[in-house]
Every structure is written in structure tokens, then in C-alpha cells.
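Report on one structure; see the data block that follows.
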Amino acid sequence: MTDISASLAAEIVAAMQATQTAADAAEHGINAEEWDRLVTRLGRDPNLVEMGIYSVMWSEHCSYKSSRRHLSKFPTKNEHVIQGPGENAGVIDIGDGQAAIFKMESHNHPSYIEPYQGAATGVGGILRDVFTMGARPIALVNALRFGDPNHPKTRSLVEGVVAGIGGYGNCVGVPTVAGETEFHKGYNGNILVNAMAVGLADQDKIFYARGATPGNPIFYVGSKTGRDGIHGATMASAEFSEGDEDNRPTVQVGDPFTEKLLIEACLELMATDAIQAIQDMGAAGLTSSSVEMADSGGENGEGIGVEMDLDKVPQRETGMSAYEIMLSESQERMLMVLYPDKIELAKQIFEKYDLDAEVIGMTTDTGRMVLKQFGETVCDIPVAPLAEDAPNYDRPWVEPKKRAPLDISKYPEPEDYGEVLLKLMSCPDMASKRWIWEQYDRHVMGDTIDSSQSQGNAAIVRIHGTNKALAITSDCTPRYVAADPYEGGKQVVAEAYRNLSAVGAKPIAITDNLNFGNPERPEVMGQIVKAIEGMAEACGALDFPVVSGNVSLYNETDGIGIPPTPVVGGVGLIENLDKISTLKGAQPGDVLILIGETKGHLGASLYAREILGLDGEEAGPPPPVDLETEKRNADFVRNLIEQGLVNAVHDVSDGGIACAATEMALASGLGVGCNVTNWMSEGVILPDGWKERAYYSRALFGEATGCYLAAASKDQHKQILELAKRTQVPVSGKKLKSGWFSAEELNILIFCDAGGPLNIELPLSRLREAHEGWLPTYMNKVD
């Protein structure tokens with residue numbers, strides 16, 4: 001209890017017990033319909049503490065009230081899933097009695113308001129979701145979207161967010177191994193910072209928020225509670241307006257060194273069988289953690305009650321009210337339900353790590369949340385209406401408008417295809433993000449085999465002390481989702497599936513982070529519904545279920561929403577590290593092979609946006625996703641890797657075959673060539689009748705789904721062709737001169753058409769300079 005006078009204590013209690021009105025509710029983000037629902041459930045008008053608790057638990061961020069009914073469409077189980085959505089993180093079986101535990105969450109609004117702390121506490125929060133369940137974190141991932149590089153705030157936002165991610169992850173000692181960074185004017189007023197963490201645990205030592213029974217002590221551990229982050233969940237559930245970036249009190253302040261101590265202390269306590277239930281204090285802090293444990297408690301999950309004395313909550317500021325204590329989102333805190341005979345043992349462990357640890361209450365059989373402060377009851381409400389009985393809206397939505405196909409014949413063919421390639425490889429989305437990932441420690445813990453940030457595809461992280469590994473990726477193509485939310489949603493999942501398969505991993509499950517605008521606008525709700533349905537179809541067809549995730553809505557500023565951005569974090573298993581493939585393994589003299597079939601699709605492509613200047617309705621639809629083909633081709637690629645028949649693999653995505661081949665060349669340091677005519681003559685790339693219409697642009701830069709490039713020796717190539725014939729997978733390169741890696745190591749990239757007008761011949765040094773030069777030049781620019 002903080003040391004304050006009796007008169008101040010009485011003044012605080014009186015303010016907390018003050019009856020609230022519908023007007024007060026509106027200020028807390030509770031609309032008239034929800035106010036009526038609240039009063040009906042409670043049987044009276046709430047006081048200030050109760051109002052605050054309802055406001056955060058019924059916020060979009062905590063209740064998913066606009067998306068909950070649609071999220072139920074996701075498949076959430078397969079033979080590997082131990083725990084799906086509903087806990088702190090998802091859990092999958094990776095064999096040998098071990099489990100991988102992972103989740104992705106957003107920290108979008110806080111990172112726009114205060115970039116460093118917003119991003120840093122996003123990392124801290126997602127780490128807690130993982131080690132709360134008994135896992136030691138082994139990898140971090142981040143998916144970042146910033147505004148137009150020319151926007152006056154973009155550079156400072158990039159600088160702050162990257163520094164925050166690196167500062168927290170590096171100090172806590174967990175490698176950041178994968179991620180993506182894109183720029184678009186649609187994120188000018190609302191950047192996206194999505195953080196993912198992956199951890200390892202023994203299957204018989206996994207801890208859950210559920211399972212608490214009445215009559216046990218509620219144990220608070222970690223940092224003291226302050227006034228930072230109050231109403232963070234509510235802020236994350238509302239649109240921005242110009243000037244909201246000054247609203248810094250709603251942003252938490254992180255301390256990675258305390259987080260490291262908290263990880264070690266929690267894992268040590270978990271080894272003693274002292275914990276009955278455990279929950280991270282994330283969004284809505286002590287409120288959400290206590291409500292979620294109570295709601296899922298009981299022997300059969302029927303729910304229990306909690307009674308807490310807030311005077312016993314460790315506090316770092318004087319005179320904090322119950323409202324502030326319950327809604328604070330101060331970082332590095334956990335809530336546990338212990339077995340009574342383990343209290344002293346738990347205190348000893350946390351004292352050793354110099355962390356606060358106090359019994360602040362007891363679980364009960366009342367089904368109610370009772371809070372006391374200064375000896376007075378300041379809250380007495382039923383738990384059930386705060387959780388599963390929260391509002392669950394069926395928002396009106398409209399079917400997204402279908403785009404007309406892109407008529408590429410309206411646009412002249414480029415005069416210099418080499419300049420096109422240089423422009424694509426150096427555009428903000430495709431350009432190397434080395435300036436970013438070199439600020440992250442990618443190899444701490446010593447088990448990072450390959451980082452996707454430096455080499456593409458998926459990251460590979462060894463399971464310590466074994467020859468197994470996890471492959472991890474993060475993916476989304478927002479321009480596809482904007483063009484067609486359903487097909488774009490399918491592609492998001494399929495892209496993660498391809499990236500994992502390209503390194504030889506068996507894809508197991510995904511976590512997601514669904515970032516959209518205001519769901520109260522029917523056109524936005526239509527994007528949400530159709531994207532989820534597309535993702536769900538892909539998850540089902542690929543046996544790639546959703547085991548955890550996060551929904552971030554109201555990503556708008558002054559009524560302007562972000563591009564729809566449903567990000568997927570995929571995890572796969574590599575059972576033998578001797579059988580993997582990466583982007584950089586091509587050898588001199590290898591054959592360049594295309595696996596799969598591309599139709600030279602330029603709709604919604606990077607080429608359409610960066611070269612033709614089409615960034616909207618006129619850019620056309622994205623390439624369709626054939627999920628049966630996706631699975632067949634991915635199985636084929638994994639089989640090739642398993643048999644050691646390829647030296648390098650890369651999926652074909654942004655920028656088409658030309659950009660994928662260029663990335664392989666840059667990674668290997670070898671020149672690469674492709675005789676486009678030979679590939680065409682094999683019927684792999686373009687159907688008949690397209691040669692007159694942007695033939696080379698389609699062949700080189702057309703985007704596709706289900707396609708890979710591979711490097712293989714001539715002997716391997718023969719075996720690949722035989723296997724492809726048996727499995728009916730389209731494979732190019734029947735003529736060895738179709739594609740090749742330079743045996744002379746000339747370091748020149750060549751695309752040509754024997755006897756035709758196409759001739760690209762670029763030194764890799766020039767391509768590397770263009771590819772790696774954009775971001776450092778941009779970040780070092782002096783206005």
C-alpha cells in the first residue's frame with residue numbers, strides 16, 4: 001500500500017464508487033446499445049472502476065466483438081496441434097516430447113504515437129505470451145508497414161520502430177530471425193508493427209491460463225504498477241485523428257533487462273509445480289489477466305471468482321486509484337494462481353531475481369470480481385459478462401467489388417528491360433532491408449542456421465542440442481488483398497506455406513495478425529469477412545491451421561483506412577538439418593529450373609505499381625490461387641530437398657521470375673542466365689496468343705502462385721525431370737540452355753531471347769548497389 005493520508009484515501013474511494021451515466025460510458029467508448037447491455041447484466045449502474053473494467057474488456061482489442069463470429073471459420077486443429085486459439089499462444093507437437101509455442105500480436109497505434117517504446121513493448125508483450133506457457137523463447141519475427149517514404153514522418157517512424165525492436169530483443173537475448181518491411185502511402189497515418197515470438201517447451205510442462213480452482217492465492221510478479229499504458233486497449237480500438245500522436249500516456253514503457261529476469265524466474269518457478277494457472281498482464285493489464293483466468297477457471301472451465309486487495313499490488317507511484325491500477329498496462333508483469341503451500345518458495349525465487357512478488361488476493365467460487373482498496377469495496381461485478389458474454393456483432397458488410405482485368409496492351413513495352421529490373425529491385429518494397437536487420441542480433445543463443453531477413457524464404461532455427469529445426473516466416477501481400485480480399489487471403493496463407501516448403505520444412509500451423517480499418521464501415525467489414533474466408537479455405541486445403549492470433553481494427557486516421565493487411569506467421573518442422581535448402585546454395589554450372597506454371601500475371605503486381613504507375617482499381621486483380629496446385633508443387637519441392645536433388649530454392653512472388661532469379665544470383669554471388677525463348681517453347685510460362693501482348697514483361701515480371709525457382713546440377717536435373725513426369729508437376733529446363741548459373745563466375749545476370757529483341761546483361765555489382773543502396777541512402781538523407 002502506498003503511504004497516503006486518510007483524507008486522500010477517502011477522496012480516491014469516493015471517486016471510484018461514484019455512479020456512472022450513459023454519458024460517462026460514451027467517454028469510455030461504450031455506445032448506447034452496450035450501455036443498456038451493461039446495466040442489464042449488472043442490474044444497476046456501474047461505478048467508475050466497474051465502468052473502466054467493462055470499457056477495456058468490451059473493447060475491440062480485447063473482445064474481438066466485430067470479428068469473433070468470423071474467426072470461428074478458421075480450421076484450428078490437425079494432428080500436430082496441442083492447443084489452438086483461446087490461450088496465450090498456440091502450441092504444436094514437434095516430436096520427441098517437445099512443443100513449439102508461438103503467437104503474433106500488433107502494437108500499431110502505440111508505435112505510431114511513440115515509435116521506440118511502442119515497438120519495444122510489442123516485442124516484450126509477445127515474449128510474455130510465449131514464456132507464460134512454459135516455453136523458452138528462441139526466435140522473434142516482425143512484420144512492419146510504413147507510409148510513403150516521402151511523407152515527413154516516415155523516416156523518423158522507421159528509425160524509432162527499428163531501434164525499439166532491436167533495443168528490446170537484443171537486450172533480452174532472443175534472436176530476431178525473420179520479418180518483412182514494406183512502404184505504402186496507405187500507412188501514412190497508421191503504421192503497422194506486428195511482432196511474433198516462438199518458444200520451445202516440453203509437452204508435459206506447458207502452463208495455461210485455465211484451470212484455476214477456488215481457494216488459491218493470486219500471485220502478482222514482476223515490475224511495479226505505474227500509470228503508463230492506462231487505456232492502451234481502448235486506444236488500440238479507436239480511430240486516430242490528427243494530433244493523437246501526442247497521446248503518449250497510453251503507451252507503455254518497457255525494460256528488457258527486467259523481462260530477462262522475469263523469464264528466468266518464471267521458468268525456474270515452473271519447474272517446481274507451484275503454478276495452477278498463469279496469465280501475462282498484457283492489454284488491459286491486471287483487468288484482463290484476472291478476468292481471463294477467472295472466466296476459464298474451475299475444474300470444467302465453468303468459471304470462478306476472484307477477490308483482490310489492490311493495496312497489496314506493488315505500485316511505483318503514490319496515490320494510484322483502483323481505476324488506474326486495474327487499467328495500467330505497465331510492462332514486465334505476470335499474474336499467477338499458486339498452490340497455497342508454494343507461496344514462500346515462489347517469493348524466494350522472485351526475490352533472488354530482485355522482482356516484486358506479492359499475494360494480492362484469492363480465487364473464489366462466487367463467479368464475481370470483487371476489488372477492495374483502502375478497506376472499501378470498489379468493484380463487485382460478475383465475471384461472465386466481461387468475457388464470453390461480451391458483445392458479438394454481426395456487422396453489416398458488402399461484397400468487395402471485383403476489378404476488371406488489367407489490359408496490358410494499353411501500355412507500351414519498356415525500352416530497356418534492364419532498367420525495369422533495376423527499378424524493381426531498388427523500389428522500397430523489394431530493396432534490401434539490411435540497414436534494418438543488421439541492427440538486430442540474429443545469432444544470439446547460437447542456433448540460428450539461416451535468417452530470412454538476409455536470405456529470403458523462411459528462417460531456420462535449430463532446436464537446441466538436436467539436428468532438428470523450426471522454419472519460421474511472416475507473409476502478406478496487401479496489394480493482392482486490396483484487389484481481391486478472398487483471393488488475397490488465400491495467397492497470404494499459401495505464401496507462408498511456400499516459404500516454409502522452400503527450405504525443406506513441413507508446414508504445420510500459423511498464427512495471424514489481421515490488420516484492417518473501421519469495421520463499422522460495410523466496405524471494410526466486407527474486406528475482413530472475405531479475407532478470413534479466403535484464408536480459412538487455404539488453411540483447410542493445405543492442412544495449415546490457425547492456432548493463435550490477433551485482430552487489429554480501426555487502423556484509420558481521419559476516416560482514411562489502411563490497406564487490408566492480414567499477416568500470417570507460419571511455423572514448420574525440419575526433422576533433419578542435413579536436408580535443407582536456402583536461397584544462396586547455387587553452384588557454378590547449375591541449371592536454373594522453374595517448378596510450377598506461371599501465366600505471366602501482371603494484375604496487382606509490383607510491375608503494375610512501380611513501372612506502370614497503377615496503384616488502385618486500374619491495377620487489376622491478383623493472380624488466382626489454385627490450392628491443389630499449391631500443395632502438389634510444395635510437396636514436390638520438399639521431396640526434392642529431402643532427396644538432395646537441389647542446391648538452392650526460392651519461391652516466385654513479387655517481381656516475378658526475373659526478380660526471384662536476381663535474388664538467387666545476389667545470394668550466391670554467381671551470374672545467372674535465362675533463355676526466355678526456350679522456357680516459352682516448353683509451354684511453361686505463357687499460353688498461346690500472348691506473345692504479341694507484353695510478351696517479355698509478362699515472362700520476366702509476371703507474378704504467380706505455386707511457383708519456385710531451383711538450382712540443380714545437370715545430374716540432379718535429369719532426376720528432377722523424371723520425378724516431375726511421374727508426379728505431373730510442370731518443370732522447365734528440358735533444354736539445359738534454358739537457365740543456368742555461370743560456371744565461369746562472371747557475376748553477370750543475363751536474360752535473353754536468341755534471335756529476339758530481349759537482351760538484359762547487368763553486372764551483379766550494379767544490381768547489388770541498386771538493391772542494397774536504397775534504404776541506407778534514404779535513412780541517411782538530410783532534409
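None of these values were measured; they are calculated from a predicted model.
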statement: Those residues at least two apart in sequence (or on a different chain) that pass salt bridge (charged side-chain N to carboxylate O under 4.0 Å, His left out) with Glu264 are Arg136, Lys260

query: Using 4.0 Å as the upper bound for N to carboxylate O, is an ion pair formed by Arg434 and Glu772?
result: yes

message: Taking Glu317 first and then Lys224, would you say they form a salt bridge - that is, a charged N and a carboxylate O separated by under 4.0 Å?
response: no

- prompt: Lys185: what forms a salt bridge (charged side-chain N to carboxylate O under 4.0 Å, His left out) with it, not counting sequence neighbours?
  reply: none

message: Just so I know, are the side chains of Val444 and Val174 near enough to count as touching, which here means a heavy-atom distance under 4.5 Å?
response: no

- prompt: So, do Ile138 and Val177 sit near enough that their side-chain heavy atoms are less than 4.5 Å apart?
  reply: no

task: For side chain to side chain donor-acceptor pair (under 3.5 Å), just list the numbers for Glu520 and Tyr554, CA-CA rounded to whole Å, side-chain angles, deciding distance to a tenth of an Å, and then say yes or no.
output: CA-CA 9 Å; Glu520 297 171 47; Tyr554 294 96; 2.4 Å; yes

task: Go through the steps for Cys266 and Leu262 under the test side-chain contact (heavy atoms from CB on, under 4.5 Å), then give the verdict.
output: CA-CA 6 Å; Cys266 286; Leu262 189 60; 4.0 Å; yes

query: Which residues satisfy the salt bridge (charged side-chain N to carboxylate O under 4.0 Å, His left out) test with Glu182, sequence neighbours excluded?
result: Arg145

task: Check Leu355, Thr121, Asp255 against Glu332 for a side chain to side chain contact (heavy atoms under 4.5 Å, CB included) and give me the one that passes.
output: Asp255

- request: Quick one: pull up CG in Asn518 and CD1 in Ile562 and give me the separation to the nearest 0.5 Å.
  value: 11.5 Å

message: When you compare the side chains of Thr225 and Arg333, does any donor N or O come within less than 3.5 Å of an acceptor on the partner?
response: yes

field: Minimum heavy-atom distance Leu335-Tyr220, with the two atoms named
entry: CD1-CA, 4.2 Å

- prompt: Is there a donor-acceptor pair closer than 3.5 Å between any side-chain N or O of Thr176 and the backbone N or O of Leu140?
  reply: no

field: From CA spacing to verdict: side-chain contact (heavy atoms from CB on, under 4.5 Å), Met430, Glu610
entry: CA-CA 11 Å; Met430 281 289 290; Glu610 298 295 329; over 6 Å; no

message: Strictly distance-based, threshold 3.5 Å: is any side-chain N or O of His107 a donor or acceptor partner for the main-chain N or O of Val193?
response: no

Neighbour count above 12 (heavy atom, 6.0 Å) for Glu769 CD: no

field: Smallest separation among heavy atoms of Pro478 and Pro563, with atom names
entry: CB-CB, 4.4 Å

query: Under the salt bridge (charged side-chain N to carboxylate O under 4.0 Å, His left out) rule, what pairs show up with a residue in residues 189-200, not counting sequence neighbours?
result: none

- request: Using the side chain to side chain donor-acceptor pair (under 3.5 Å) rule, take Asp280 and Thr132 through it: C-alpha gap first, then chi angles, then the decisive distance, then the call.
  value: CA-CA 6 Å; Asp280 161 42; Thr132 291; 5.2 Å; no

- prompt: Has the side chain of Thr511 got a donor or acceptor atom that lies under 3.5 Å from a matching backbone atom of Met104?
  reply: yes

- request: Evaluate the side-chain contact (heavy atoms from CB on, under 4.5 Å) criterion for residues Leu606 and Cys427: first the C-alpha distance (whole Å), next the side-chain angles of each, then the deciding distance (0.1 Å), finally the verdict.
  value: CA-CA 9 Å; Leu606 205 61; Cys427 76; 3.9 Å; yes

- request: Over all heavy atoms of both residues, which pair between Val161 and Ala119 is shortest? Give the atoms and the distance, please.
  value: O-CB, 3.5 Å

statement: For Ala471, the side chain to side chain contact (heavy atoms under 4.5 Å, CB included) test, sequence neighbours excluded, returns Ala458, Leu500, Val503, Ala505, Ile574

message: List the residues meeting side chain to side chain contact (heavy atoms under 4.5 Å, CB included) with Lys352, not counting sequence neighbours, and say none if there are none.
response: Glu268

query: Does some side-chain heavy atom of Val492 sit less than 4.5 Å from a side-chain heavy atom of Val567?
result: no

task: Please check if the side chain of Ser330 supplies one atom and the backbone of Gly226 the other of a donor-acceptor pair under 3.5 Å.
output: yes

message: Give me the atom names and distance for the closest heavy-atom approach of Arg462 to Gly446.
response: NH1-O, 3.6 Å

field: All side-chain hydrogen bond (donor to acceptor under 3.5 Å, both in side chains) counterparts of Gln83, not counting sequence neighbours
entry: Arg210

message: Under a 3.5 Å threshold, yes or no: a donor from one side chain and an acceptor from the other, between Asn88 and Gln279?
response: yes

query: Between the side chain of Lys312 and the main-chain N/O of Met308, is any donor-acceptor distance below 3.5 Å?
result: no

message: Glu324: which residues meet the salt bridge (charged side-chain N to carboxylate O under 4.0 Å, His left out) condition with it, sequence neighbours left out?
response: Arg227

query: So, the side chain of Asp228 versus the backbone of Val253: is there a donor-acceptor pair under 3.5 Å, distance only?
result: yes

query: Which residue pairs pass the salt bridge (charged side-chain N to carboxylate O under 4.0 Å, His left out) test with at least one member in residues 164-177, sequence neighbours excluded?
result: none

message: Regarding Glu159 and Tyr116, do their side chains bring together a donor and an acceptor under 3.5 Å, going by distance alone?
response: no

message: Could you measure the distance from the CG atom of Asn108 to the OH atom of Tyr112? Nearest 0.5 Å is fine.
response: 12.5 Å

query: Which of these passes side chain to side chain donor-acceptor pair (under 3.5 Å) with Asn515: Asn194, Asn190, Asn555, Thr565?
result: Asn194

- prompt: Which pair of non-hydrogen atoms, one from Thr258 and one from Ser223, has the smallest distance, and what is that distance?
  reply: CG2-OG, 3.3 Å

- request: Begin from the C-alpha positions of Glu259 and Gln331 and carry the test side-chain contact (heavy atoms from CB on, under 4.5 Å) through to its verdict.
  value: CA-CA 8 Å; Glu259 181 104 336; Gln331 296 290 285; 5.9 Å; no

task: State whether the side chain of Lys584 and the backbone N or O of Thr582 hold a donor-acceptor pair below 3.5 Å, judged by distance alone.
output: no

statement: Minimal heavy-atom distance between Ala346 and Phe219, with the atoms involved, is CB-CE2, 3.5 Å

Donor-acceptor contact below 3.5 Å, side chain Thr448 vs main chain Ile460: no

- prompt: How would you list, by chain and number, every residue that makes a side chain to side chain contact (heavy atoms under 4.5 Å, CB included) with Glu105, sequence neighbours excluded?
  reply: Lys103, Ile126, Asp129, Asn550

query: Do Arg479 and Asp615 meet the salt-bridge criterion of a basic N to acidic O distance under 4.0 Å?
result: no

Flag, side chain of Glu358 to backbone of Val313, donor-acceptor distance under 3.5 Å: no

Contacts of Trp774 that satisfy ring pair (Phe, Tyr, Trp, His ring centres under 6.0 Å) - sequence neighbours left out: Phe183, Tyr778

field: Distance, nearest 0.5 Å, that separates CD of Glu180 from CD1 of Ile436
entry: 11.5 Å

task: State which residues pass side chain to side chain contact (heavy atoms under 4.5 Å, CB included) with Ala100; sequence neighbours excluded, sorted by chain then number.
output: Ile92, Ile94, Leu470

message: Quick one: does any side-chain atom of Gln491 pair with a main-chain N or O of Tyr480 as donor and acceptor, under 3.5 Å?
response: no

- prompt: Once you round to the nearest 0.5 Å, how far does OG of Ser474 lie from CG of Asn513?
  reply: 9.0 Å

